[in-house]
Amino acid sequence: MNQEKKFSDEHLNAFVDDQLTPEEKEQVYVCLSQDEVLKRHVCKLRQVRDLVNLAYKELPQPSHRPLPAVRNKRFGRNLAAGLVLVISATAGWLLYQSAANTPSATAPEMLTQGAAPTEEIAKVLIHVSDGQTAHLKTVLDEVESLMRFYRDSHQKARVEVVTNSDGLNLLLADKSPYAQRIHQMQSEYKDLTFVACQNTIDRFQRDLGVTVKLLPGVVITDSGVAQIMRRHHQGWAYLQV
Amino acid sequence: MRKFFLLCLITVLPFGFIPINASHAAAANKVIYHVNLGNEQATDALRNIKNHLAVDPTVKIVVVTHSNGVNFLLEGAEDKNGNPYSVPVAELSAKGVEFRVCKITLERMKIDPKKALPEAKLVPSGVVEVTKLQQEGYAYLKP
């Protein structure tokens with residue numbers, strides 16, 4: 001009887017699981033050889049161990065969902081982080097907008113933002129649709145003034161004079177009042193282009209019976225208004241003078 | 001999955017309430033009135049601008065003048081009925097309309113800059129000013 005109670009069940013299970021020190025194991029073996037009751041008990045414990053091992057040998061695979069408790073913890077933290085991100089991004093965006101919209105201080109007499117040349121190339125399209133001689137003179141005066149301004153301020157620029165409708169008169173070889181002046185401007189300013197509208201050329205020939213011959217160096221575009229839109233999309237400035 | 005969508009919704013919702021679009025709309029709502037032909041065109045422009053502001057008080061308007069377009073912005077300038085231009089210019093200026101005058105034109109026409117109305121600001125080149133404002137997002141109008 002005493003020997004049965006010599007070892008606790010915990011100790012015997014540890015023996016069965018091979019978790020005792022060699023000295024402890026030897027102790028148990030000695031008692032086992034002398035005690036049939038103990039031997040039977042240990043045998044039963046081994047059986048239980050084997051049954052447990054057998055039962056857990058092929059476990060069904062657990063689902064890969066994370067544990068709900070852990071997910072809840074992370075969700076709260078993620079939500080807080082997301083809100084902080086949104087709030088700070090929004091605040092930054094609003095500050096940027098207000099800074100961008102603040103008008104720069106202007107001197108009472110003179111606005112100087114036009115004076116400093118920029119790295120970018122200035123791109124300007126001047127649209128001519130009025131063919132009256134006085135107007136055509138104004139056009140050339142303004143274009144020359146503009147090219148001179150860019151040259152004097154060392155600003156790279158491309159200027160395109162697009163003519164359609166009666167503005168085509170500016171570029172007709174036999175009718176233009178300013179053929180010589182245009183030729184001179186073309187040689188002086190390499191980034192200045194005079195453009196004639198093909199649709200207008202066709203209309204002149206069809207409706208007026210005019211055989212259109214253009215000044216040398218004039219470029220033809222399929223449609224003057226389409227060219228204006230193309231340049232607009234390319235970021236060119238537009239004006240009529 | 002449901003919680004993920006909820007998180008996305010909460011993240012996106014604030015953008016609906018913040019007037020980011022308002023600032024974009026303001027940036028687009030500005031226009032150049034280009035005046036260079038003379039007083040008749042200037043009279044048309046001033047009338048157009050008055051009507052424009054009546055319909056849209058928030059529009060930012062800059063009148064850029066050069067060549068014969070500067071004349072109405074000089075001291076003592078009157079329209080064909082003898083009404084001084086200084087009155088409508090002062091009224092519109094009080095509503096935020098800006099008037100800019102081309103320095104090249106004043107020099108060419110030998111006009112003393114001090115003869116310009118107080119509301120008028122000088123710019124180095126009227127034509128270049130028109131192009132620069134367009135680069136800043138201004139629309140272009142020729143009255």
Side-chain angles (χ1 to χ4, degrees), chain A residues 71-72 74-76 78-83 85-87 89-91 93-94 96-98 100-101 103 106-116 118 120 122-127 130 134-135 138 141-143 145-150 152-153 155 157 159 232 235-241, chain B residues 1 3-4 6-15 17-24 26-27 30 32 34 36-37 60 62 64 66-69 98 100-105 108 113-114 116 118 120-142:
Chain A
R71 223 173 109 89
N72 276 336
R74 284 213 195 116
F75 177 74
N78 286 347
L79 180 60
L83 280 175
L85 180 66
V86 164
I87 289 165
T90 307
W93 175 255
L94 289 174
Y96 170 75
Q97 284 294 320
S98 70
N101 283 338
T106 58
E109 302 268 305
M110 176 80 166
L111 296 177
T112 56
Q113 62 255 40
T118 64
E120 291 177 27
K123 296 175 287 191
V124 183
L125 185 151
I126 295 177
H127 178 199
D130 175 359
H135 178 69
T138 303
D141 288 345
E142 293 291 355
V143 168
S145 175
L146 183 64
M147 299 310 292
R148 213 177 302 128
F149 180 88
Y150 283 137
D152 292 348
S153 52
Q155 170 68 56
V159 175
H232 172 74
W236 286 56
Y238 167 93
L239 64 147
Q240 294 191 39
V241 292
Chain B
M1 204 54 180
K3 285 199 173 125
F4 175 73
L6 181 64
L7 178 61
C8 284
L9 185 68
I10 291 168
T11 308
V12 163
L13 246 164
F15 286 99
F17 295 102
I18 287 156
I20 290 174
N21 280 334
S23 70
H24 276 299
K30 45 194 185 183
I32 306 155
H34 182 198
N36 70 312
L37 300 178
K60 172 71 190 161
V62 176
V64 180
H66 64 99
S67 194
N68 289 328
E98 288 184 43
R100 298 186 186 172
V101 167
C102 173
K103 193 161 163 273
I104 295 175
T105 297
R108 180 164 57 83
K114 291 198 197 66
K121 306 270 184 285
L122 281 186
V123 292
S125 157
V127 170
V128 172
E129 189 68 10
V130 166
T131 68
K132 276 197 175 289
L133 289 172
Q134 287 183 53
Q135 300 302 336
E136 291 170 24
Y138 279 72
Y140 173 85
L141 253 174
K142 194 92 198 286

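Small disclaimer: the values here were computed from a predicted structure and weren't measured. The sequence lines fix the lettering, A, B, ..., with proteins before strands; numbering per chain opens at 1.
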Ignoring hydrogens, what is the shortest heavy-atom contact between S67(B) and E142(A)? Give both atom names and the distance.
CB-OE2, 3.5 Å
V124(A), part contacting chain B, at a heavy-atom distance under 4.5 Å
side chain
For Q240(A), is there any backbone N or O sitting under 3.5 Å from a side-chain donor or acceptor partner on Y140(B)?
yes
Can you name the closest pair of heavy atoms from K123(A) and Q135(B) and give their distance?
O-NE2, 4.5 Å
Verdict with supporting geometry, S145(A) and I104(B), side-chain contact (heavy atoms from CB on, under 4.5 Å)
CA-CA 9 Å; S145(A) 175; I104(B) 295 175; 4.0 Å; yes
Which atom names give the shortest non-hydrogen contact between V127(B) and L239(A), and what distance separates them?
CG1-CD1, 3.9 Å
Spacing of R74(A) atom CZ and K3(B) atom NZ [to the nearest 0.5 Å]:
13.0 Å
Heavy-atom cut-off 4.5 Å, strictly under: side chain, backbone, both or neither for L79(A) against chain B?
both
To the nearest 0.5 Å, what is the distance between CD (Q134(B)) and CG (L125(A))?
10.0 Å
Just how far is it from atom OG1 of T138(A) to atom CG of N68(B), taken to the nearest 0.5 Å?
8.0 Å
